Amino acid sequence: MFREFLDEIKAHHAKNLPFAAYRMPKEQQVVALLQEDDAVHHLTNFTTSGFVFAPFDNDRPTLLLHSDQRLTARFDVVETDEKERLSFEVDTTSKSTYIDLVNRAIEKIKEDELEKVVLSRKVEVICTLSPLVLFQRLLEQYQNAFCYLWYHPKVGTWLGATPEILMKSENQRLTTMSLAGTQKYNALVPANWGAKELEEQELVTRYIASVLKAKVTNLDIGERETIQAGTLLHLRTKLVAIYEKGNLGALVKALHPTPAVCGMPMALSKKFIAANEAYDRSYYTGFLGELNTRIEKRPSGRKRNQENRAYVSFMEQTIFFVNLRCMQLQDDKAIVYVGGGITKDSNAELEWEETIAKTNTMLQVLAPQ
């Protein structure tokens, strides 16, 4: 079944036609949305449906892939012995450049111009594997993440495994999260978070709550928790609220970009990033996912509900993920994007090490067999 699913995507790809293939976190169903022409469509309002692919820069247009055909298949992860993780050579030139960038940001923060800024870099490696092979590897290695492969002949090929939801909407119920802080997962040692990570995550949580407060009702801020994403751990707080119908676009505009990918204050952080990162993030730290998907809801199968099983209800669901842990494929190379949040308590050397750990999550997928 899954082989036929891949064959249909491969045939569509061979015609140079756009598609998006993905799997939700902790699920087995894989979905592919196929667009039957090569037109570049832009999102003009949030009442339409399709697969959204948005850049980091919210002043640029957001792409909308039309769902002319929808395919689904089950992907079963086969449990195998854990493979030896490969180590990769560190580019010392990139290290000095990034450390200098982080130190400039810390100085700006100490001057009270910024509270936090998220800085990133990119790593280019040779890649001869096909996009579908890489997608399967993501599915196998990152069961707790949103794994995707996105292609448009006039835009490019992107894929990744992101742990962060920008927002989820079911009818008028909104769920979002603040995600910040990173450390390596060790099954033998409990997570121990320092003041820098705790403060960074609290900044993100407070910011999201503040931008939502005037646009929603019944805002509930959950408890901070530690979650695992591949070989890394992060701090997460869920926020849930109710919003009025027709306000989805305003919520997305308020949430993106969050302090987890940009900084605080947002405008000053964005300006610092544009002036100092020295490259175009493009769709890295943007967001992606399905907009206004019609979901079938069946009554419970318990005995007392047997008489209601013939009745089916529907709801509209939108779910957008932040485009983290991702790469872009160009010719015979893969461009891996990685970053981290900088606060007054940051240490430039440790921030560099954090980007190394994050980069390795994607580089393992690119390793030759």
Side-chain angles (χ1 to χ4, degrees), residues 5-22 30 32-42 51-57 60-65 86-95 97-98 120-142 145-162 277-288 321 323-339 355-356 358-369:
F5 173 84
L6 290 180
D7 287 343
E8 288 197 59
I9 299 175
K10 187 175 181 180
H12 193 79
H13 190 208
K15 298 176 184 177
N16 290 322
L17 293 174
F19 69 87
Y22 66 87
V30 186
L33 306 180
L34 311 182
Q35 183 175 301
E36 297 297 344
D37 61 47
D38 66 354
V40 178
H41 302 285
H42 293 131
F51 194 92
V52 170
F53 201 58
F56 164 69
D57 187 347
R60 295 184 182 180
T62 293
L63 301 178
L64 179 70
L65 190 144
L86 303 177
S87 59
F88 297 86
E89 185 177 346
V90 175
D91 184 341
T92 54
T93 303
S94 296
K95 179 178 180 179
T97 300
Y98 190 74
S120 69
R121 62 188 183 91
K122 61 180 181 178
V123 180
E124 296 186 7
V125 296
I126 298 297
C127 177
T128 57
L129 298 171
S130 76
L132 285 172
V133 168
L134 295 175
F135 180 54
Q136 289 179 79
R137 289 188 177 187
L138 290 175
L139 295 176
E140 291 167 357
Q141 296 183 32
Y142 300 104
F146 175 77
C147 298
Y148 79 91
L149 167 60
W150 185 94
Y151 168 75
H152 196 296
K154 297 177 181 177
V155 180
T157 303
W158 289 73
L159 65 158
T162 174
E277 273 192 347
Y279 84 100
D280 182 3
R281 288 190 183 185
S282 186
Y283 295 95
Y284 167 60
T285 61
F287 63 90
L288 72 161
F321 290 83
N323 198 16
L324 304 174
R325 310 291 192 277
C326 66
M327 68 180 79
Q328 180 183 12
L329 301 184
Q330 287 184 348
D331 301 322
D332 62 346
K333 68 180 178 181
I335 305 170
V336 178
Y337 297 87
V338 64
T355 68
I356 292 294
K358 290 177 177 177
T359 304
N360 280 335
T361 64
M362 286 291 102
L363 292 181
Q364 300 299 323
V365 176
L366 295 166
Q369 290 180 325

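Since the structure is predicted, the reported quantities are computational estimates derived from the model, not experimental observations.
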Can you see which heavy atom on [X] is nearest to which on [Y], and at what distance?
X	Y	value
D38	Q35	C-NE2, 4.3 Å
A145	A161	CB-C, 3.8 Å
H12	P18	NE2-O, 2.9 Å
Y284	C326	CD1-SG, 3.6 Å
L65	L33	CD2-O, 3.7 Å
I9	F19	CG2-CE1, 3.6 Å

- Message: Checking L34 against L17 for the side-chain contact (heavy atoms from CB on, under 4.5 Å) test, could you report, in this order, the C-alpha distance in whole Å, the side-chain angles of both residues, the deciding distance, and whether it holds?
- Response: CA-CA 8 Å; L34 311 182; L17 293 174; over 6 Å; no

- Item | Check: L6 and Q136 side chains under 4.5 Å, non-hydrogen atoms |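 With C-beta onward as the side chain, the pair touches.
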
- Message: Do T62 and H42 make a side-chain contact, defined as non-hydrogen atoms from C-beta onward lying under 4.5 Å apart?
- Response: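 Sidechains of H42 and T62: no contact.
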
Within this structure, what is the [atom1]-[atom2] distance for the pair [X] and [Y], rounded to the nearest 0.5 Å?
X	Y	atom1	atom2	answer
I126	D332	CD1	CG	4.5 Å
K15	D37	NZ	CG	12.5 Å
L138	T162	CG	OG1	11.5 Å
T157	W150	OG1	CH2	8.5 Å
K122	E124	NZ	CD	5.0 Å
R60	S282	CZ	OG	6.5 Å

- Task: Mind telling me whether Y279 and Y337 have parallel, tilted or perpendicular rings, with 30° and 60° as the class edges?
- Result: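 Judged by the thresholds at 30° and 60°, the geometry between Y337 and Y279 is parallel.
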
- Message: Set out, in order, the CA-CA distance, both residues' side-chain angles and the distance that settles side-chain contact (heavy atoms from CB on, under 4.5 Å) for V338 and I356, then state yes or no.
- Response: CA-CA 8 Å; V338 64; I356 292 294; over 6 Å; no

- Query: Could you walk me through whether L324 and T285 pass the side-chain contact (heavy atoms from CB on, under 4.5 Å) check?
  - Reply: CA-CA 6 Å; L324 304 174; T285 61; 3.9 Å; yes

- Item | Test log, rule side chain to side chain donor-acceptor pair (under 3.5 Å), inputs S94 and R121 | CA-CA 9 Å; S94 296; R121 62 188 183 91; 5.1 Å; no

- R281: salt bridge (charged side-chain N to carboxylate O under 4.0 Å, His left out) partners, not counting sequence neighbours: E277

Is the backbone of [Y] close enough, under 3.5 Å, to the side chain of [X] for a donor and an acceptor to pair up by distance?
X	Y	result
Y151	P131	no
N323	Y283	yes
H152	A39	yes

- Item | Evaluation steps, side-chain contact (heavy atoms from CB on, under 4.5 Å), between L134 and L329 | CA-CA 10 Å; L134 295 175; L329 301 184; 3.9 Å; yes

- Item | Reference residue Y22; test ring pair (Phe, Tyr, Trp, His ring centres under 6.0 Å); the match among Y148, F146, Y142 | F146

- Item | Residues, nucleotides or ligands: over 12 heavy atoms within 6.0 Å of D331 CG | no

